[in-house]
Q: 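If you scroll down you'll find the structure; I have some questions about it.
All values derive from a computational prediction rather than experimental measurement. What you see below is based on every heavy atom in this structure, not just the backbone, and it leaves out hydrogens, waters and symmetry mates.
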Amino acid sequence: PKPMNRTMPIVVTAPRWKQALAVLITAIAFERLFWQAGLGLNLALFTLLVLSGSLVLHGAQYLTLPARIALVLTLLADLMVVVHGTAVAIVGAVAGLLVTSALIMEPGLRSLPYALGQAVTNLFVGPFRLPSGLSAVLAVNRRASRGWRWFQLALVPVLVFVVYLQLYRVANPRFDTFSASFLDGFGRWLAEAFAELLTPHFLFLVLAVLVAAGLLLRNAPKAWSLPESHWTDVLLRRRSRRPGWLRPLPMNALERERRRGILLLVMVNALLVVVNIIDIHWFWTGFEVPEGFSLKQFVHEGTWVLVFSILLSMAILLHLFRANQNFHPKARTMRLLALLWVAQNFVLGVSVYLRNQHYISFHGLAYKRIGVIVFLVLVLVGLVTLFRKIRHRLSLYHLLRVNAWAAFVVLVALGFVDWDRVIVRHNLHHDNPAEIDIDNYLAMSDRVLPLLYADLELVERQMKKHRRNTVRWVDHLDPAEFRGALDAKRMRFVEGKAGSDLRSWTWGEARALSELQAMGLDR
């Protein structure tokens with residue numbers, strides 16, 4: 001099939017004065033919102049300001065479908081930053097801000113990896129384009145323009161003069177003595193001037209300007225959208241014509257590769273059938289930890305080995321179904337075997353999930369165990385898209401584009417949950433109190449403090465069960481010591497919130513403080 005003709009996207013270029021005004025307003029807002037402040041409400045407000053300014057500069061009426069989807073997801077991530085303020089919500093909001101700003105200013109972009117590349121390129125190229133942009137802005141004022149022009153003219157000669165001055169000082173001792181008194185005085189004056197100028201606050205202002213310019217201006221036009229325009233979702237058969245004076249390539253090379261692929265897929269499918277039957281019979285239903293069985297090895301090592309095997313299977317299939325192998329007239333057999341292997345790997349992924357679930361039912365929740373589940377979800381999504389790629393002859397670009405969007409959706413969805421409170425609430429009421437990581441309670445965010453104070457007797461019960469274990473692997477087994485560490489954590493939180501302002505406000509921390517106040521623990 002021939003590639004679809006795409007209409008050229010409309011790129012809006014705002015006047016220079018409007019761009020300069022937008023950068024100035026955004027830089028001031030960046031400084032006002034983030035200088036000596038934590039992340040919370042300020043991140044959401046800054047994102048709204050940047051995206052609004054980008055829509056004004058680049059035309060809201062020309063938003064593409066990817067830009068609209070990214071905009072909605074970014075706004076949801078910002079909302080979760082204000083509600084929960086979790087690290088995953090902040091990561092989702094920052095990532096959304098980068099890719100959405102790139103998708104708005106470069107409507108030719110269709111995928112998130114290319115949009116992220118465009119955003120990063122804009123940020124890095126911005127400082128190098130700043131002088132030319134400043135020249136265009138100052139051109140409206142004759143005096144300012146003349147002064148800036150003289151500064152640009154004098155910069156290189158002055159630098160060359162300084163280089164030669166140092167060379168002559170090293171080569172001629174008398175010249176060095178002659179110039180030392182003048183240079184020492186000038187150096188002291190310059191050091192004092194720079195000490196007054198290059199303060200942390202001034203450098204933060206410079207950072208604010210660079211961030212604003214990188215998020216709002218097309219510093220690297222079509223740097224990533226042009227390369228992406230050559231990719232299609234559907235694989236295209238490409239015939240390579242060799243010069244007449246070269247010998248024709250042998251026609252049986254593709255056939256040998258097909259037969260080798262069939263043999264490989266038959267062998268690995270047979271092997272995986274045995275593994276899946278064992279797993280389904282062993283622990284899909286009614287699994288109990290045998291006496292002396294290492295559940296840690298079963299989950300930690302076994303899980304990642306199986307995940308690696310799934311990823312390796314995906315890489316092998318991508319290699320087998322590359323280029324013209326997809327268009328082989330006898331490709332049906334290998335395609336069916338590949339689809340069967342993908343389906344079996346999906347079953348294996350379910351087995352990996354159940355391994356992790358059994359570990360959670362024995363040792364409780366933790367971030368790594370939740371991370372395994374999230375990673376497995378993305379791997380299973382990858383297997384589904386790989387199944388579609390092989391069946392419908394789709395391109396690797398399609399696989400990358402769809403899975404990147406899936407990862408972004410999952411990242412935003414994770415921000416909807418306050419995982420610290422979920423983990424603590426689940427572990428406090430766990431059926432196996434002797435295997436819960438008590439030390440991890442103190443490593444959680446301050447939002448869990450009211451939960452711990454409300455159920456201190458459950459923590460003490462878990463300590464009592466731990467003291468009966470043959471192997472003790474937690475440090476906090478004394479209730480008084482744990483309460484002291486918890487009180488110190490609470491005092492730091494209360495004092496920190498008393499010294500903070502509205503910029504870093506989140507509903508999650510406000511709720512925790514309110515619950516502590518209701519318990520009489522707000523000081």
Side-chain angles (χ1 to χ4, degrees), residues 38-48 50-51 54 63-104 109-120 122-123 211 215 224 228 303-304 307 310-311 314 349 352-353 356 360 365-386 397-423 444-445 447 506-508:
L39 295 179
L41 180 61
N42 50 5
L43 180 57
L45 293 176
F46 181 73
T47 302
L48 285 175
V50 169
L51 296 182
S54 189
L63 272 185
T64 60
L65 180 60
R68 294 176 190 273
I69 297 173
L71 179 61
V72 172
L73 292 174
T74 302
L75 294 178
L76 290 175
D78 284 325
L79 179 62
M80 290 305 103
V81 169
V82 178
V83 173
H84 296 307
T86 59
V88 68
I90 292 173
V91 171
V94 173
L97 174 60
L98 290 173
V99 298
T100 306
S101 64
L103 289 169
I104 291 174
L109 292 169
R110 292 171 288 147
S111 65
L112 293 182
Y114 279 86
L116 184 61
Q118 180 68 49
V120 174
N122 270 329
L123 288 170
V211 169
L215 292 173
W224 290 76
E228 188 186 17
T303 294
W304 291 114
V307 168
I310 295 174
L311 296 176
M314 296 171 71
V352 175
Y353 165 78
N356 191 60
I360 291 173
L365 268 178
Y367 267 109
K368 288 184 179 179
R369 292 154 211 172
I370 295 172
V372 169
I373 295 174
V374 173
F375 185 73
L376 273 176
V377 168
L378 295 176
V379 168
L380 295 180
V381 171
L383 285 171
V384 172
T385 54
L386 181 60
Y397 167 77
H398 171 83
L399 205 67
L400 179 67
R401 184 174 63 83
V402 173
N403 282 277
W405 280 107
F408 188 31
V409 170
V410 169
L411 179 63
V412 174
L414 288 173
F416 277 74
V417 181
D418 189 344
W419 291 105
D420 283 17
R421 290 176 69 93
V422 169
I423 291 172
M444 290 285 154
S445 67
R447 297 186 301 275
T506 63
W507 177 78

Q: Which heavy atom in Asp78 sits nearest to a heavy atom in Ala93, and how many Å separate them?
A: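 Nearest heavy atoms, Asp78 then Ala93: OD1-CB, 3.3 Å.
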Q: Is any side-chain heavy atom of Asp420 closer than 4.5 Å to a side-chain heavy atom of Thr86?
A: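 A side-chain contact under 4.5 Å is absent here.
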Q: Please report the interatomic distance NE2(His398) to CG(Asn403), rounded to the nearest 0.5 Å.
A: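 So the NE2 of His398 and the CG of Asn403 are separated by 8.5 Å.
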Q: Using modelled atom types only, decide if a donor and an acceptor are shared between the side chain of Trp405 and the backbone of Pro66 within a distance under 3.5 Å.
A: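 Checked: no pair found.
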Q: Does the Ser101 side chain pair with the main chain of Leu97, one donor and one acceptor, at a distance under 3.5 Å?
A: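 The answer is yes, because a donor-acceptor pair under 3.5 Å joins these two groups.
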Q: Roughly how far, to the nearest 0.5 Å, is CG of Leu63 from CD1 of Ile69?
A: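 Ile69 atom CD1 to Leu63 atom CG measures 11.5 Å (nearest 0.5 Å).
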Q: At what distance, to the nearest 0.5 angstrom, does CG of Leu103 lie from CG of Leu112?
A: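 The distance works out to 6.5 Å.
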Q: Between Arg421 and Arg447, is there a donor-acceptor pair closer than 3.5 Å when you use the side chain of the first and the backbone of the second?
A: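 Looks like yes, one N/O pair under 3.5 Å.
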Q: Once you round to the nearest 0.5 Å, how far does NZ of Lys368 lie from CD1 of Ile373?
A: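 Interatomic distance, Lys368 NZ to Ile373 CD1, rounded to 0.5 Å: 15.0 Å.
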Q: Can you name the nearest heavy-atom pair linking Ala44 to Val82, along with the distance?
A: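 Shortest heavy-atom contact: CB-CG2, 3.6 Å.
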Q: Which of these passes side-chain contact (heavy atoms from CB on, under 4.5 Å) with Val88: Val374, Val81, Leu411?
A: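 Between Val88 and the candidates, side-chain contact (heavy atoms from CB on, under 4.5 Å) is satisfied uniquely by Leu411.
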Q: Answer yes or no: is there a donor N or O on one side and an acceptor on the other, between the side chain of Asn122 and the main chain of Val120, under 3.5 Å?
A: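 Checked: no pair found.
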Q: Distance-only, no hydrogens or angles: does the Asn42 side chain make a donor-acceptor pair with backbone N or O of Gly38 under 3.5 Å?
A: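 Between the backbone of Gly38 and the side chain of Asn42 there is a qualifying donor-acceptor contact (under 3.5 Å).
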Q: Taking all atoms of both residues into account, what is the closest heavy-atom pair of Ala102 and Ala115, and its distance?
A: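 Closest heavy-atom pair between Ala102 and Ala115: CB-O, 3.2 Å.
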Q: Could you go through the side chain to side chain contact (heavy atoms under 4.5 Å, CB included) check for Leu98 and Leu215 one step at a time?
A: CA-CA 7 Å; Leu98 290 173; Leu215 292 173; 4.0 Å; yes
Q: Write down the atom of Phe416, the atom of His84, and the distance for their closest heavy-atom approach.
A: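 For Phe416 versus His84, the nearest heavy atoms are O-NE2, 3.1 Å.
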Q: Go through the steps to decide whether Trp419 and Met444 satisfy the test side chain to side chain contact (heavy atoms under 4.5 Å, CB included), and finish with yes or no.
A: CA-CA 10 Å; Trp419 291 105; Met444 290 285 154; over 6 Å; no
Q: So, the side chain of Glu228 versus the backbone of Ser111: is there a donor-acceptor pair under 3.5 Å, distance only?
A: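 Yes, Glu228 side chain to Ser111 backbone: donor-acceptor pair under 3.5 Å.
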Q: To the nearest 0.5 Å, how far apart are CH2 in Trp507 and CE in Met80?
A: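 Between atom CH2 of Trp507 and atom CE of Met80 there are 10.0 Å.
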Q: Apply the test side chain to side chain contact (heavy atoms under 4.5 Å, CB included) to residues Thr74 and Phe408: give CA-CA distance (whole Å), side-chain angles for both, the deciding distance (0.1 Å), then the verdict.
A: CA-CA 10 Å; Thr74 302; Phe408 188 31; 4.1 Å; yes
Q: Please determine which of Val417, Val422, Leu365 meets the side-chain contact (heavy atoms from CB on, under 4.5 Å) test together with Ile370.
A: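 Only one option passes, and that is Leu365.
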Q: Between Thr506 and Leu39, what is the shortest heavy-atom contact and its length?
A: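 Minimum heavy-atom contact is CG2-O, 4.4 Å.
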Q: Ignoring hydrogens, what is the shortest heavy-atom contact between Arg369 and Asn356? Give both atom names and the distance.
A: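 Of all heavy-atom pairs spanning Arg369 and Asn356, the closest is O-ND2, 3.0 Å.
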Q: Mind checking the CG-CG spacing from Leu75 to Leu48? Nearest 0.5 Å is all I need.
A: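 One finds 6.0 Å between CG of Leu75 and CG of Leu48.
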